[in-house]
Amino acid sequence: MSADPRILADVLALVAELAGDWEYDDPITPDTRFLADLGLESLDLVVLGTALQHRHGPLPFAEFLAELGRRPVDTRDVTVMELVDFLGAHRPVPAPGGAL
Amino acid sequence: MPKVTLPSGLRLHYQRIGSGPDVVMVHGLTGNLAVWHLRIASLLIDRSRLLTYDLRGHGYSDMPPSGYCLDQMAADLLDLLDALDIERPYVVGHSFGADIALYFAHHHPERVRAVVAIEAVLPAMMYLRAGNDWQGWSDWAAVLAQSGHPVPPERRTDLGYLLRLSLKVPKRWGPLQGLPRNPAPFLRLLDETTMASEVAQVGGLPAEAIPEIRSAVTLVYCEGSALLGTFDYLRERLPDVHPVLLPRTEWGHFGPLEQPDEVARHILGALGPAEPSTATAQG
């Protein structure tokens with residue numbers, strides 16, 4: 001899937017910013033996994049979701065988390081790129097000339 | 001992530017989202033602000049500006065060695081509202097958070113528009129839970145046994161033991177449901193602070209003071225809850241009360257997680273009809 005490069009750049013920047021709070025020092029890439037690599041808890045995920053909604057407007061992030069919770073325990077995870085795809089599919093249409 | 005430093009020096013982590021009248025949401029012991037964001041927040045943000053925060057010792061807030069009694073928790077809430085210039089919000093709380101909401105309404109009635117108290121526990125009602133035959137002990141032991149952690153008979157009313165054993169039960173709700181808990185933060189709270197001894201202190205809200213709570217209170221419990229004795233006591237004595245009994249669920253006590261849509265519906269009911277969109281719409 002060809003992700004919007006502006007969304008990808010924005011998500012990478014946001015996750016890198018939050019990674020300081022999560023005490024994660026390695027580079028953030030599109031393949032970085034939120035659970036296996038970053039070790040996020042539910043609290044971290046909702047903080048991420050709120051930050052995304054401040055930047056992009058209302059998103060069905062609760063549904064995104066619920067869908068994640070339904071994935072098999074053994075393989076459950078989500079990558080930066082999957083989040084970018086979610087944003088591309090669900091974020092409100094930006095105003096003409098508006099920022100991300 | 002946003003944090004505010006209170007006059008006491010305590011740093012609290014908080015989140016704000018939505019627009020409309022201010023609603024502050026207070027989680028319970030061992031929880032954090034995520035409990036509100038997994039579902040309920042998305043149902044409220046069109047009608048209210050939510051403030052959620054991590055209590056001291058929880059989530060990303062500071063964990064000082066002491067100050068975990070309900071009077072102090074209510075003082076933290078006052079300081080938080082002052083720091084964020086929130087004058088008179090609706091206050092929604094779950095479990096210990098509902099206790100904080102009621103203490104806050106009692107101590108600072110001028111700062112509360114209304115309260116939604118979900119499964120309040122209240123130290124003043126401890127006598128209802130003092131006996132070995134309290135339903136809550138049996139319910140808790142049953143949940144632990146179902147999870148492969150049977151409780152020895154001599155431990156069935158040992159709160160500290162039950163809390164520690166509960167940390168071995170996988171997460172039950174949210175995106176990480178079924179995965180193991182990280183016990184370290186709560187063990188630190190149990191082992192390195194006075195939390196366990198302070199949370200049961202009655203302090204400034206003894207039973208005889210409950211009729212002094214003048215705020216409107218939507219009092220929410222679950223059918224079959226082990227706390228229905230407290231529900232009956234409060235509904236008879238709170239002067240402005242709207243009692244709600246939610247449908248029975250597996251665990252009962254965890255309404256914001258077990259039946260968030262129902263809980264959100266009653267919070268919206270407490271807010272009343274939608275207000276004209278003159279409120280400040282800030283992040």
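Reminder, nothing fancy here: chain letters follow the sequence lines and each chain counts from 1. The shown structure was predicted, so the numbers you read here are calculated from the model rather than taken from an experiment.
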* **Proximal component of A:Glu67, with respect to chain B [non-hydrogen, under 4.5 Å]** => neither
* Check the surroundings of atom CG in B:Asp191: do more than 12 heavy atoms from other residues, nucleotides or ligands lie under 6.0 Å from it? => yes
* Structure fact -> To the nearest 0.5 Å, atom CD1 of B:Ile17 lies from atom CZ of A:Phe61 at 10.5 Å
* Checking B:Asp54 against chain A: side chain, backbone, both or neither under 4.5 Å from a heavy atom? -> side chain
* Asked: Is the shortest heavy-atom distance from the side chain of A:Asp44 to the side chain of B:Tyr60 under 4.5 Å?
  -> yes
* For the atom pair CG (A:Asp21) and NE2 (B:His13), what is the distance rounded to the nearest 0.5 Å? -> 8.0 Å
* Euclidean distance, B:Leu33 CG relative to A:Ser42 OG, rounded to 0.5 Å -> 11.0 Å
* Taking the side chain as C-beta and beyond, is there a heavy-atom pair between B:Asn32 and A:Val46 under 4.5 Å? -> no
* Looking at B:Gln177 and A:Gly69, what are the two nearest heavy atoms and their distance? -> CG-O, 3.5 Å
* **Between OG on residue B:Ser42 and CG on residue A:Leu59, distance to nearest 0.5 Å** => 11.5 Å
* What residue, out of A:Leu18, A:Val47, A:Leu40, has the most heavy-atom pairs lying under 4.5 Å from chain B? -> A:Val47
* Side chain, backbone, both or neither: which part of A:Leu45 has a non-hydrogen atom closer than 4.5 Å to chain B? -> side chain
* To do: Give the C-alpha distance, both sets of side-chain angles, the deciding distance and a yes or no for salt bridge (Lys or Arg N to Asp or Glu O under 4.0 Å) between B:Arg181 and A:Glu41.
  => CA-CA 9 Å; B:Arg181 295 174 195 278; A:Glu41 295 280 343; over 6 Å; no
* Asked: Taking atom CZ of B:Arg11 as the centre, does the number of heavy atoms from other residues, nucleotides or ligands within less than 6.0 Å exceed 12?
  -> no
* Going from CD on B:Gln15 to CG on A:Leu43, what distance comes out if it is rounded to the nearest 0.5 angstrom? -> 8.0 Å
